[in-house]
Number of protein chains: 2
Amino acid sequence: MKLEIYTKNEHQAVQNEIIGKIRDLINYKNLEPGDKLPSERMLSEKFGVSRSNVREAIRKLEFYGLVKSMPQSGTFIEDIGVIAMNGIIEDILRLEDPDFKSLVETRILLELKTVRLAALRRTDEDLMQMKEALDAYNTKVLNGEDAIQEDLLFHLAIAKASGNSTMNTLMLMITPEIIMNFEKFHVCDKNQAMLGIEEHTEIFKAIENQDPQKAKQKMKKHFKSLYQYCYNT
Amino acid sequence: MKLEIYTKNEHQAVQNEIIGKIRDLINYKNLEPGDKLPSERMLSEKFGVSRSNVREAIRKLEFYGLVKSMPQSGTFIEDIGVIAMNGIIEDILRLEDPDFKSLVETRILLELKTVRLAALRRTDEDLMQMKEALDAYNTKVLNGEDAIQEDLLFHLAIAKASGNSTMNTLMLMITPEIIMNFEKFHVCDKNQAMLGIEEHTEIFKAIENQDPQKAKQKMKKHFKSLYQYCYNT
DNA sequence: CAAACCAATTTGGTTAACCAATTTTAAATC
DNA sequence: GATTTAAAATTGGTTAACCAAATTGGTTTG
């Protein structure tokens with residue numbers, strides 16, 4: 001149960017195979033929402049795999065909200081219907097690993113929204129935490145140190161202030177990968193970092209002043225100079 | 001390691017506690033990117049919990065891209081730096097469960113983007129699969145049957161055609177919860193479903209004609225009538 | 001005949017033992 | 001003394017045994 005940005009391992013293949021078999025079983029036995037899946041032991045025997053493999057597959061299905069395990073009771077099919085169940089499992093099995101381009105594309109989309117929501121909904125505590133992240137970034141940059149981490153933490157603080165827990169989760173999921181790629185390719189040197197101070201401050205002030213339009217505009221500008229510089233397009 | 005939309009269980013609390021302890025350990029021992037975490041056995045003993053609990057906690061950290069387990073070797077800290085590690089773990093531990101409103105808000109944001117990208121990037125095969133989903137929806141509606149599942153599968157087909165694997169993943173993650181809430185509150189009755197046929201067709205044609213602007217406009221219209229109707233605002 | 005009770009079974013969760021690959025250590029060799 | 005080699009210890013992964021809660025079926029009881 002994961003974004004699976006990272007590894008394309010053997011383990012993964014086995015798990016997907018089991019998920020496919022569970023789907024087949026649901027169809028073959030005409031299991032409907034609310035019905036109970038066979039026990040983990042039975043499934044592991046039927047599929048000829050270990051019970052822990054079955055458990056992990058079920059965990060993944062649980063992550064996607066397709067089933068729900070109840071202790072000492074069983075695993076039950078969630079109320080989304082057979083059609084959707086099949087379609088979604090099909091999609092999950094065919095999902096390809098996110099590439100960096102799709103990550104950046106998604107990050108920009110999410111952040112242009114979270115910054116707007118943050119301007120509308122930020123509490124005083126949100127503001128304080130953002131200021132803290134901002135100061136940490138500035139200090140590092142002015143000391144001539146690398147500040148990619150502090151940079152992203154400022155952006156995460158904005159996501160938190162957006163008051164949208166789903167977007168916050170999604171941002172958390174893609175941020176480590178973003179950081180790793182940034183550090184790998186050595187994007188964003190000193191000049192860019194100095195510019196970042198200015199742009200971050202502009203964004204912060206727009207959020208502080210609860211001006212969603214300006215906040216979005218400044219974030220857009222931030223991304224534009226950032227990615228224009230990084231990929232010199 | 002999950003969106004945790006569903007359960008707020010005891011299990012979850014234990015897991016978060018372990019994650020917090022691992023973070024403390026990283027800080028206390030000054031572990032840096034590339035360093036190896038103590039073995040699962042050692043951690044389970046040190047924390048006084050079962051090894052499987054430790055494994056699941058590590059899995060969650062692995063999901064968020066913070067560590068990486070290597071078979072017969074150890075679990076290693078990913079290259080994102082101590083600062084980011086602490087900030088992100090902190091955020092993960094404080095994450096609140098997504099509410100329905102934040103899900104819908106995120107869905108709209110994602111879909112207004114995926115529909116645009118789909119119009120730009122869709123292959124002929126994408127088009128075929130969308131047509132298939134569209135037909136399935138139409139058939140059900142014209143038969144007077146409930147078609148929420150087919151509805152969402154059409155939208156997922158668009159996400160797939162967007163060519164952005166990250167957004168596709170995110171859409172898959174939130175869709176089951178959307179379906180469940182829709183069915184629970186009985187949103188979208190017959191009239192709405194009939195209107196859906198027309199609107200879906202408009203969206204499909206815009207994607208077919210590779211007109212991103214129109215595609216987005218039609219999707220916006222679709223959401224507007226959908227949510228205006230459902231929540232009679 | 002229905003309701004209450006109880007023991008046997010089934011369940012997901014937990015623990016402990018085991019495995020094979022890897023890493024480390026030290027002995028052997030030149 | 002440096003290099004090679006082999007054996008011992010360590011590791012995440014796997015398997016099997018065990019646990020307590022929950023379900024189930026039959027029996028008893030009012």
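In the text below, chain A, chain B and the rest are named by the order of the sequence lines, each starting its count at 1.
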Quickly work out the A:Glu40 CD to D:dT14 P distance and round it to whole Å.
15 Å
Nearest-Å distance, CD1 (B:Ile18) to C1' (C:dT14)?
12 Å
Ignoring the backbone of A:Gln72, work out which of D:dT14, C:dG12, D:dT11 is nearest its side chain.
C:dG12
Specify whether A:Tyr137 and A:His200 have parallel, tilted or perpendicular ring planes, treating 30° as the upper limit for parallel and 60° as the lower limit for perpendicular.
tilted
Is it the case that A:Thr114 and A:Ser162 place a side-chain donor and acceptor less than 3.5 Å from each other?
no
Do B:Asp91 and A:Asn168 get their side chains close enough for a donor-acceptor pair, meaning under 3.5 Å?
no
Interatomic distance, A:Leu43 CG vs C:dT10 C1' [rounded to whole Å]:
14 Å
If you compare all heavy atoms of B:Phe47 against all heavy atoms of B:Ile18, which two are closest, and at what distance to 0.1 Å?
CD1-CG2, 4.1 Å
B:Met70 CE to C:dT23 P: how many Å, rounded?
8 Å
Between A:Val49 and A:Pro71, just flag the one whose closest nucleotide in DNA chain D comes earlier from the 5' side.
A:Val49
Does CD in A:Glu90 sit with more than 12 non-hydrogen atoms of other residues, nucleotides or ligands closer than 6.0 Å?
yes
Looking at B:Arg51, I'd like to know whether one of its side-chain N or O atoms comes within less than 4.0 Å of OP1 or OP2 on C:dT14.
no
Phosphate contact (D:dT10 OP1 or OP2) by B:Arg41 side-chain N/O below 4.0 Å
no
A:Glu56 CD to D:dT14 C1': how many Å, rounded?
10 Å
Over how many whole Å does the gap from B:Lys68 atom NZ to D:dG13 atom C1' extend?
15 Å
Can you measure B:Glu45 atom CD to D:dT11 atom C1' for me and round it to whole angstrom units?
15 Å
Taking the minimum atom-to-atom distance to the side chain of B:Ser39, which one of D:dG12, C:dT14, C:dG12 wins?
D:dG12
Measure from CD on B:Gln15 to P on C:dT14 and round the result to the nearest Å.
11 Å
Strictly below 4.0 Å: does A:Ser73 bring a side-chain N or O up to OP1 or OP2 of C:dT11?
no
